[in-house]
*Asks:* 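Structure in structure tokens, see below.
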Amino acid sequence: MCGIFGVFGSPKNEAAKWTYYGLYAQQHRGQESAGIVSSDGENVFSHFKMGLVSDVFKKPSSIENLKGSLAIGHNRYSTTGTSNEFNIQPLLVKTRFGSLSIAHNGNLVNTIELRQKLEEQGSIFRTSTDSEVIVHLIAKSQKATLEERVIEALLQVKGAYSLLIMSENQLIVARDPNGFKPLSYGRKDKSIVFASESCAFDLIDAEFVREVEPGEIIVVDVNGIKARKFADEVKKTFCIFELIYFSRPDSRVFGEFVDKVRRKFGKFLAIENNSVSDVVISVPDSSNTAALGYASTAKIKFEIGLIRNHYIGRTFIHPDQNMRDLGVKLKFNTVGGVLKDRRVTIVDDSIVRGTTLKKLAKLLRNAGAREVHVRISSPPVRFPCFYGMDFPTSKELVANQMTIKEMTAWLDVDSLSYLSIENTLEAAKISLQNSNGEFCDACFTGNYPENVPPNEKNIFQKC
Ligand code: 5GP
Ligand code: MG
């Protein structure tokens with residue numbers, strides 16, 4: 001998870017502002033903390049804090065102080081366990097070659113081995129993130145240029161990484177050879193920009209150029225842009241969950257607009273598992289697009305049956321026994337007129353622990369729905385993710401612990417069905433026409449990519 005943004009060559013002192021907007025557009029990719037590091041060619045400036053982008057950069061001075069035409073930024077996804085200020089990115093360090101900062105999206109799978117080795121050699125770690133391992137490997141490299149030092153480091157790490165690395169005067173961008181996580185390359189006038197998702201370009205009126213290729217490194221500095229492959233070709237394994245849930249529908253990811261793929265998930269879901277009902281509703285916002293695809297194919301009216309409050313902050317007082325469902329009610333309320341006495345099909349994009357749907361099903365019943373049919377626009381999530389999605393251990397994944405029949409009873413709904421893996425891949429395939437590869441679907445199938453084997457011990461701090 002996490003969202004990253006970088007810019008080289010903005011008009012004077014604009015880089016941090018563009019990065020702020022780039023992070024703002026990608027707030028959905030991480031809400032735990034945000035940070036920006038900028039450079040004016042000689043000095044490096046930074047500002048990071050826990051919280052949403054708009055809170056972290058509340059004071060105008062927090063952006064104005066970040067001088068220069070070069071900047072990178074990062075939104076961190078909140079992981080389970082305690083949040084930690086030390087883990088805020090971009091990580092910023094001083095090496096013998098000058099300052100180095102790094103913004104990372106993805107999860108490495110050989111962190112523990114590498115970290116142990118580095119610690120045995122005397123390295124001291126400040127954070128508990130896998131990203132810091134990359135920083136150490138770069139700093140220790142004896143190669144002559146930053147580009148070569150970065151490549152030497154990347155050839156030692158395994159797993160998922162879309163990376164932005166910055167010195168005082170260079171921006172280096174790299175994507176792992178499998179291409180797990182998205183990373184796009186754009187342009188605004190003479191400036192070069194990079195973002196996890198292309199929706200960030202739209203906000204600053206930058207033009208989408210292309211995706212950074214898996215296994216590609218791009219160096220941007222005063223001499224121009226230099227792109228090359230740094231690793232041997234391996235099978236691409238794009239994270240299918242980016243298309244199902246994580247990316248915004250208005251972003252172009254893995255070669256296609258997410259909206260288009262997500263509608264297709266909904267369409268195939270209706271073909272496979274139609275329901276007899278009066279209305280189709282979504283769980284806003286994540287399943288809106290799939291629910292629209294479902295409703296139009298099923299020829300059932302799409303209605304807004306749940307209203308989402310977008311303004312809930314990260315902290316709220318824990319509900320007591322009398323207000324047990326307050327958590328879900330803070331986020332969603334039902335529209336009585338749409339639901340009362342109706343047979344309702346609720347389309348959601350996924351079930352992870354099952355907490356959301358269990359509570360929503362009850363809310364729908366309380367609002368008077370006569371029948372509740374659940375349709376999920378992806379297959380059951382049965383296996384943990386080691387590459388960056390926040391999918392916990394098998395035990396916590398409800399589809400790993402129960403059959404669909406058991407889940408239907410547990411959720412207390414009239415029916416439950418999922419999109420098949422075959423049709424999920426078939427729908428997602430439209431994106432591959434432009435990007436040539438395959439998907440990582442390990443969370444559904446347990447087929448982890450061969451060259452990046454999972455390692456339970458390496459479940460560390462995800463980002
Ligand atoms: P559950 O409540 O079953 O644990 O999570 C499923 C719900 O959370 C779905 O509505 C889905 O949109 C959303 N979701 C799916 N994957 C993730 C994830 O990795 N992180 C977060 N925060 N939400 C997710
Ligand atoms: Mg959702």
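All values reported here derive from a predicted model rather than from experimental measurement. Read the numbers this way: they start at 1 and go in the same order the structure lists the ligands and their atoms.
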*Asks:* State, with a plain yes or no, whether a side-chain heavy atom of Glu207 is found less than 4.5 Å away from one of Lys188.
*Replies:* no

*Asks:* Identify which one of Ile165, Ile4, Leu183 satisfies the side-chain contact (heavy atoms from CB on, under 4.5 Å) criterion when paired with Val173.
*Replies:* Leu183

*Asks:* Pairs of nitrogen or oxygen atoms closer than 3.5 Å, one from Val352 and one from ligand 1: do any exist?
*Replies:*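 Yes.
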
*Asks:* Where does the angle between the aromatic ring planes of Phe246 and His28 fall among parallel (under 30°), tilted (30 to 60°) and perpendicular (over 60°)?
*Replies:* tilted

*Asks:* Which ligand 1 atoms, with their elements, are less than 4.0 angstrom from a heavy-atom of Ile351?
*Replies:*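 So the answer, numbered in order with elements, is 3 (O).
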
*Asks:* Which ligand 1 atoms, with their elements, are less than 4.0 angstrom from a heavy-atom of Thr355?
*Replies:* 1 (P), 2 (O), 3 (O), 4 (O)

*Asks:* Any heavy atom of Asp348 sitting closer than 4.0 Å to ligand 1?
*Replies:* yes

*Asks:* Under 4.0 angstrom from ligand 1, any heavy atom of Tyr77?
*Replies:* yes

*Asks:* Going by the angle between their ring planes, with limits at 30° and 60°, are Phe241 and Phe444 parallel, tilted or perpendicular?
*Replies:* tilted

*Asks:* I'd like to know whether Arg175 forms a salt bridge (charged side-chain N to carboxylate O under 4.0 Å, His left out) with Glu216, so could you lay out the CA-CA distance, the side-chain angles of the two residues, the decisive distance to 0.1 Å, and finally the verdict.
*Replies:* CA-CA 6 Å; Arg175 192 167 166 211; Glu216 185 180 35; over 6 Å; no

*Asks:* How close does the nearest protein non-hydrogen atom get to atom 17 (C) of ligand 1, and which residue and atom is it?
*Replies:*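 That would be Tyr245 CE2, 3.4 Å.
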
*Asks:* Suppose we measure from atom 12 (O) of ligand 1 to each protein heavy atom; which comes out shortest, and what is that distance?
*Replies:*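 Heavy-atom neighbour on the protein nearest atom 12 (O) of ligand 1: Asp349 OD2, 2.6 Å.
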
*Asks:* N/O/S atom of Ser286 under 2.8 Å from the Mg ion (ligand 2), yes or no?
*Replies:*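 Yes, since at least one N, O or S atom of Ser286 sits under 2.8 Å from the Mg ion (ligand 2).
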
*Asks:* If you measure from each non-hydrogen atom of Phe246 to ligand 1, which part falls under 4.0 Å: side chain, backbone, both or neither?
*Replies:*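 Neither part.
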
*Asks:* For Phe241, counting its heavy atoms only, list the atoms of ligand 1 lying under 4.0 Å from any of them.
*Replies:* 16 (N)

*Asks:* So which bit of Ser350 gets within less than 4.0 Å of ligand 1, heavy atoms only: side chain, backbone, both or neither?
*Replies:*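 It is both parts that get close, each with some atom under 4.0 Å.
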
*Asks:* Considering non-hydrogen atoms of the protein only, which is the closest contact for atom 19 (O) of ligand 1, and what is the distance?
*Replies:* Met1 CE, 3.3 Å

*Asks:* Show which atoms of ligand 1 fall inside a sub-4.0 Å distance from at least one heavy-atom site of Met389.
*Replies:* 19 (O)

*Asks:* Tell me: protein heavy atom nearest atom 7 (C) of ligand 1, and distance?
*Replies:* Thr356 OG1, 3.7 Å

*Asks:* Please write down residue, atom name and distance for the protein heavy atom closest to atom 4 (O) of ligand 1.
*Replies:* Arg353 N, 2.7 Å

*Asks:* I'd like to know whether the aromatic ring centres of Phe125 and His136 sit less than 6.0 Å apart in this structure.
*Replies:*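 Yes, close enough.
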
*Asks:* ring-ring contact (aromatic ring centres under 6.0 Å, His included), that's the test. Do Phe194 and Phe5 meet it? Break it down for me.
*Replies:* CA-CA 5 Å; Phe194 296 93; Phe5 187 91; 9.0 Å; no

*Asks:* List ligand 1 atoms under 4.0 Å from Gly354, heavy atoms only on the residue side.
*Replies:* 1 (P), 3 (O), 4 (O)

*Asks:* Would you call Arg370 and Asp341 a salt bridge, taking side-chain N to carboxylate O under 4.0 Å as the test?
*Replies:* no

*Asks:* Show which atoms of ligand 1 fall inside a sub-4.0 Å distance from at least one heavy-atom site of Phe391.
*Replies:*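 Going through ligand 1 atom by atom, the ones under 4.0 Å from Phe391 are 16 (N), 19 (O).
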
*Asks:* Check each atom of ligand 1 against the heavy atoms of Ser286 and keep those under 4.0 Å away; list them by number with element.
*Replies:*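 The atoms of ligand 1 under 4.0 Å from a heavy atom of Ser286 are 12 (O).
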
*Asks:* Could you check whether the rings of Phe439 and Phe238 sit parallel, tilted or perpendicular, using 30° and 60° as the cut-offs?
*Replies:* perpendicular

*Asks:* Distance only, no hydrogens: is a donor on one side chain within 3.5 Å (strictly under) of an acceptor on the other, for Ser420 and Glu272?
*Replies:* yes

*Asks:* Given Ile72 and Ile36, is the side chain to side chain contact (heavy atoms under 4.5 Å, CB included) satisfied, shown in steps?
*Replies:* CA-CA 6 Å; Ile72 62 172; Ile36 298 177; over 6 Å; no

